[in-house]
Amino acid sequence: MSSWAVHSETGALTDVLVCPPDHYRWIPTNSIVRRTLAGAQQPSAMALAAQHGELVAALKQGGARVHVLPPEPHLPYMAYTRDSAVVTPWGPVLTQLERPQRRGEYAAVIDFHGGDFWRKSSAGTLEGGDIHIIRPGLACVGASGGRTDLAGAEQFATWLRGEGWEVRVEVFDEHFLHLDVLFCMAAPGLAVACLDVLDPDFVAWLAGHGIRCIDVAYRDAMQLGCNILALGRDQVVSARGSAALNAALRAEGLTVLDPDLSLFTAGGGGPHCLTCPLGRVE
């Protein structure tokens, strides 16, 4: 059985998996990066490494051990380690990526985990950016029909429900890539969310479970403003460009570590996307 376990998005992060952006480049696989490519040149390797280094430094400052997935030249989006696997209380789940340009990422993830998975996605498509383990016993899975479809979301939900968990499958527009473009947990009982876009029933469901939301405007969400990583211990990683949100998080008493990640958010991924939590302590 795997030694990795994550019971919530907000427990103290002890171990996390990242992938250096050695071969990263913007590829037109989502609405955000297509807009970026219309007005910008590809980022330099030196600039990408510097920004990723800021993220790694923030993770270490927050108390996490950082594990590294070796990058492969033909898989430029391996840097977004969130999507290819997700760790649950019972161990890792191997997901099933939708985009052809990313499907090969599964091989390195299998090697990293030594083939030791609690479950393997086999129905439809399932990506980690749509999976939110809110707290022990409660989770939601986004299903846009783009990156994660209903079949993949329901298969994952069924596994957790079999363990006695409550799981909501939340349908949203595939324009937003993953649910973590619109919603992420910041601390126990506190989320950041694009309330202009999210279904009011989903927001009410969160409120019914004692979770309140800091509102993030649509324009900011499309610059990955909602895409944050809770470190636990009243700490959170949020990109430097999210100035208004970072001020709001600090007003909640949280310590905000704010690396410059503009080259990655322009490609459709922020701190949540660039990290795969391996271990958390509640």
Side-chain angles (χ1 to χ4, degrees), residues 9 26-37 77 80-86 88 93-103 105-106 119 121-134 138-161 166-185 191-206 211 213 215-229 264-276:
E9 292 274 344
W26 296 325
I27 52 177
T29 58
N30 62 65
S31 56
I32 294 172
V33 76
R34 283 192 289 271
R35 182 177 60 191
T36 296
L37 284 168
Y77 269 24
Y80 297 128
T81 54
R82 173 71 53 166
D83 295 325
S84 48
V86 61
T88 72
V93 171
L94 184 66
T95 63
Q96 187 148 245
L97 300 181
E98 188 270 339
R99 289 291 188 262
Q101 299 92 332
R102 299 195 64 187
R103 288 177 189 160
E105 295 176 25
Y106 79 95
R119 296 284 190 272
S121 176
S122 60
T125 56
L126 179 71
E127 301 196 358
D130 285 314
I131 297 169
H132 296 261
I133 301 176
I134 295 173
L138 185 69
C140 66
V141 187
S144 69
R147 300 306 183 89
T148 297
D149 62 15
L150 276 172
E154 287 291 353
Q155 183 183 49
F156 183 85
T158 296
W159 294 331
L160 267 61
R161 289 169 184 151
E166 178 182 346
V167 185
R168 179 184 177 101
V169 173
E170 182 64 21
V171 176
F172 66 101
D173 194 290
E174 65 179 285
H175 170 71
F176 298 101
L177 286 70
H178 294 122
L179 188 58
D180 66 5
V181 171
L182 299 172
F183 165 83
C184 275
M185 294 298 298
V192 300
C194 185
L195 300 181
D196 285 344
V197 173
L198 288 169
D199 188 331
D201 287 345
F202 176 59
V203 178
W205 178 79
L206 291 170
I211 299 164
C213 296
D215 189 16
V216 176
Y218 168 81
R219 181 183 295 274
D220 293 337
M222 291 305 289
Q223 296 175 351
L224 281 295
C226 285
N227 197 270
I228 66 172
L229 176 70
F264 296 99
T265 57
H272 197 262
C273 299
L274 287 162
T275 53
C276 178

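Note that the numbering runs from 1 along the sequence shown for the chain.
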Counterpart residues, side-chain contact (heavy atoms from CB on, under 4.5 Å), relative to Asp215 (two or more places apart): Leu195
Residue pair Asp196 / Tyr218: nearest heavy atoms and the distance that separates them: OD2-N, 4.4 Å
Value rounded to 0.5 Å, distance of CG in Leu138 from CD1 in Ile211: 5.5 Å
Residue list, side-chain hydrogen bond (donor to acceptor under 3.5 Å, both in side chains) with Gln101, at least two apart or on another chain: none
Heavy-atom pair of closest approach, residues Val167 and Ala157: CG1-CB, 3.6 Å
Stepwise side chain to side chain contact (heavy atoms under 4.5 Å, CB included) test for Arg99 and Arg147: CA-CA 7 Å; Arg99 289 291 188 262; Arg147 300 306 183 89; 3.6 Å; yes
Side chain proximity check, Phe264 to Cys273, heavy atoms < 4.5 angstrom: no
Straight-line distance of Thr81 OG1 to Glu105 CD, nearest 0.5 Å: 9.5 Å
Check: Val197 and Phe172 side chains under 4.5 Å, non-hydrogen atoms: no
Short side-chain to backbone donor-acceptor contact, Arg82 and Leu274, under 3.5 Å: no
Salt bridge (Lys or Arg N to Asp or Glu O under 4.0 Å) against Asp180, all qualifying residues, sequence neighbours excluded: none
Heavy-atom check, side chain of Phe156 versus side chain of Val86, under 4.5 Å: yes
Side-chain donor or acceptor of Thr95 paired with backbone N/O of Ser84 under 3.5 Å: yes
Which residues share a salt bridge (Lys or Arg N to Asp or Glu O under 4.0 Å) with Glu98, sequence neighbours left out: none
Contact check, side chains of Tyr77 and Asp83, non-hydrogen atoms, under 4.5 Å: no
Closest heavy-atom pair and its distance - Cys226, Val181: CB-O, 3.4 Å
Contacts under 3.5 angstrom, residues 148-155 side chains, donor-acceptor by atom type, not counting sequence neighbours:
residue	atom	partner	partner atom	Å
Thr148	OG1	Glu127	N	3.0
Thr148	OG1	Asp130	OD2	2.6
Asp149	OD1	Thr125	N	3.1
Asp149	OD1	Ala151	N	3.3
Asp149	OD1	Gly152	N	2.9
Asp149	OD2	Thr125	N	3.4
Glu154	OE1	Arg161	NH1	3.1
Gln155	OE1	Ser122	N	3.0
Gln155	OE1	Ala123	N	3.2
Gln155	NE2	Ser122	OG	2.9

Thr265 to Gly270 - nearest heavy-atom pair and separation: CG2-CA, 4.1 Å
Straight-line distance of His175 NE2 to Leu182 CG, nearest 0.5 Å: 9.0 Å
Residue list, ring pair (Phe, Tyr, Trp, His ring centres under 6.0 Å) with His132, at least two apart or on another chain: Phe183, His272
Spacing of CZ belonging to Phe176 relative to SG belonging to Cys194, to within rounding of 0.5 Å: 6.5 Å
pair Pro271-Asn227: side-chain heavy atoms closer than 4.5 Å: yes
For Tyr80, side-chain hydrogen bond (donor to acceptor under 3.5 Å, both in side chains) partners two or more places apart: Tyr24
Side chain to side chain contact (heavy atoms under 4.5 Å, CB included) evaluation trace for Leu206 with Ile134: CA-CA 10 Å; Leu206 291 170; Ile134 295 173; 4.1 Å; yes
Residues in salt bridge (Lys or Arg N to Asp or Glu O under 4.0 Å) contact with Arg168, at least two apart in sequence or another chain: Glu170
